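In this text the structure is predicted, and so the values were computed from the model without any measurement. We use all heavy atoms of the structure for the numbers below, so side chains are in, but hydrogens, waters and symmetry mates are not.
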Amino acid sequence: MLVNGQPTRTIWLDPDDPSKVCIIDQRHLPHDFKIIRLESLTDTANAISDMKVRGAPLIGATAAFGIYLALLSAGQENADHLLDEAVELLNKTRPTAVNLAWATRRCQTAIRTVKDPGAKIETALQTARDICREDIDICYRIGQHGLPILEALATRKPAGPLNILTHCNAGWLATVDWGTATAPIYQAHQKGMDIHVWVDETRPRNQGASLTAWELGQEGVPHTVITDNMGGLLMQQGKVDLVITGTDRTTSTGDVANKIGTYLKALAAFDNNIPFYVALPTTSIDWQLKEGSDIPIEERSAEEVKYIQGWHEDEGAIKKVLITPPDSPALNYGFDITPARLVTGFITEKGVCEASEGGLKD
Ligand code: MRU
């Protein structure tokens, strides 16, 4: 999607030096668009755990490039052993998004089947590139399948824009391009539909306020940032026509792990008879798990709750400030579980389905 009018992706091989991988350091957005280079497995693991890159599909794509960098720096010695170590390290960086383990498993399988040590590096790079290329296609198709839902709801509206509420950032910054929840939104906007997006700020890291608002703005999509607690009131006032979120892991029965606060939006949508859709690539489905309660929930540092980061206008710099009493403890679960019964449907690259075991199998 566009950054300052230029089509941009979230991750790419440095065209001047194929031993480096370029990413957007998302910690500085929306104030600073900073591209950094990953040079090693350690750089990659840190980029994922420090959330320089984040969002389930992008974490998977980044990990795939991390495996390539690990093999590249190790040369041809001991490649399979290093491969296993790299996979183990990367899988531990963030526990909830299942795309991470999916991507590392895919790389591991592809690389292990190649015997020639030099060719293993080539296979690692090719697999990382394939994962990125496929992710773009998958997200585009999520958009194609989601668009008719938006069009149908819009035709039922007597006047005004179609108001879509989204939580966290399931936009192109969370994928390689297009996004999941945002793919139907971008395609509707490109078709000239009258749409408006309510953007949940998404405390504590504010992915909505910092990332979703920024990327929608870059594409010219009308939007308004709201506090996380406002969605319920807007729904009661009839100002939300549908909710679309992403997911980090969805069980085989349709329970959805997504950014903390998603469950409360689903409850409010259910109470107000508002469609609540989850947009996901099928790589976010964990076919091994049935119950949402079995999904590992990431617990992050209390510092993320106690401090808030933003642009200091007088100093012209990004600053962090304490917003709690210094000694108050804080708790920071990153994700919650929305039970399948609260989800109207899944928008996937293969089509739209019911949020149930049967729906997903079909
Ligand atoms: O902690 P984050 O920013 O990685 O969380 C991201 C989300 O919860 C997204 O909604 C999810 O990964 C789906 S992204 C296409």
Side-chain angles (χ1 to χ4, degrees), residues 1-29 31-55 57-94 99-100 103-104 106-112 114-137 139 172-178 211 214-215 218 318:
M1 306 306 289
L2 298 178
V3 176
N4 300 325
Q6 293 302 313
T8 310
R9 289 186 177 151
T10 51
I11 188 162
W12 65 96
L13 195 69
D14 187 338
D16 300 322
D17 180 354
S19 69
K20 296 186 176 59
V21 175
C22 302
I23 57 165
I24 301 164
D25 187 343
Q26 300 190 17
R27 297 170 310 168
H28 303 283
L29 288 172
H31 309 296
D32 193 5
F33 181 73
K34 208 175 190 167
I35 291 167
I36 56 170
R37 281 163 184 77
L38 307 176
E39 302 188 10
S40 65
L41 172 66
T42 312
D43 277 0
T44 311
N46 289 340
I48 298 172
S49 51
D50 297 345
M51 294 179 68
K52 291 172 188 150
V53 288
R54 26 67 52 207
L58 181 57
I59 292 171
T62 308
F65 273 115
I67 290 174
Y68 158 66
L69 293 177
L71 294 195
L72 191 65
S73 65
Q76 307 199 355
E77 295 299 311
N78 237 341
D80 281 344
H81 178 67
L82 285 161
L83 170 65
D84 293 346
E85 279 186 351
V87 168
E88 201 186 324
L89 176 75
L90 290 162
N91 283 354
K92 280 194 207 139
T93 50
R94 294 201 68 195
N99 306 60
L100 177 58
T104 56
R106 175 164 165 181
C107 294
Q108 205 170 22
T109 309
I111 297 163
R112 271 192 175 280
V114 175
K115 292 287 165 260
D116 172 43
K120 282 181 188 282
I121 299 172
E122 259 169 60
T123 304
L125 178 57
Q126 193 51 49
T127 310
R129 286 183 144 154
D130 286 348
I131 287 174
C132 290
R133 194 176 28 79
E134 288 165 25
D135 185 68
I136 297 167
D137 181 53
C139 289
W172 73 269
L173 290 169
T175 65
V176 181
D177 207 349
W178 287 107
L211 305 177
W214 179 78
E215 59 167 86
Q218 292 287 328
I318 295 172

Minimum heavy-atom distance Ala124-Leu71, with the two atoms named: CB-CD1, 4.1 Å
Given side-chain contact (heavy atoms from CB on, under 4.5 Å), test Val21 with Thr44 step by step and report yes or no. CA-CA 9 Å; Val21 175; Thr44 311; over 6 Å; no
With sequence neighbours excluded, tell me which residues meet side chain to side chain contact (heavy atoms under 4.5 Å, CB included) with Leu125. Leu13, Phe65, Tyr68, Arg129
Step by step, would you call Ile67 with Gln108 a side-chain contact (heavy atoms from CB on, under 4.5 Å)? CA-CA 9 Å; Ile67 290 174; Gln108 205 170 22; over 6 Å; no
Contacts of type side chain to side chain donor-acceptor pair (under 3.5 Å), residue Glu122, not counting sequence neighbours: none
Please lay out, stage by stage, how Ile131 and Cys107 fare under the test side-chain contact (heavy atoms from CB on, under 4.5 Å). CA-CA 9 Å; Ile131 287 174; Cys107 294; 4.3 Å; yes
Enumerate donor-acceptor pairs with a distance under 3.5 Å from any side-chain N or O in residues 1-9 to protein atoms, sequence neighbours excluded.
from, atom 1, to, atom 2, distance (Å)
Thr8, OG1, Gln6, O, 2.7

Can you sort out the partners of Lys20 under side chain to side chain donor-acceptor pair (under 3.5 Å), two or more places apart, ordered by chain and number? Asp17
Is it true that a side-chain atom of Asp116 and a backbone atom of Ala119 form a donor plus acceptor pair closer than 3.5 Å? yes
To the nearest 0.5 Å, how far apart are OG1 in Thr10 and CG in Asp177? 7.5 Å
Just to verify, what does Asp32 make a side chain to side chain contact (heavy atoms under 4.5 Å, CB included) with, not counting sequence neighbours? His28, Lys34
Hits for side chain to side chain contact (heavy atoms under 4.5 Å, CB included) against Ala63, two or more places apart or cross-chain, chain-then-number order -> Ile48, Leu90, Leu100, Thr104
Nearest-0.5 Å distance, CG of residue Leu58 to NZ of residue Lys52: 13.5 Å
Do you know the tightest heavy-atom contact between Cys22 and Ile35? CB-CG2, 4.1 Å
Any side-chain to backbone donor/acceptor pair from Glu215 onto Leu173? Under 3.5 Å, distance only. yes
I want to check something: taking the side chain as every heavy atom from C-beta on, are His81 and Asp84 in contact at a cut-off of under 4.5 Å? no
Do side-chain atoms of Gln26 reach the backbone of Leu211 as a donor and acceptor pair under 3.5 angstrom? no
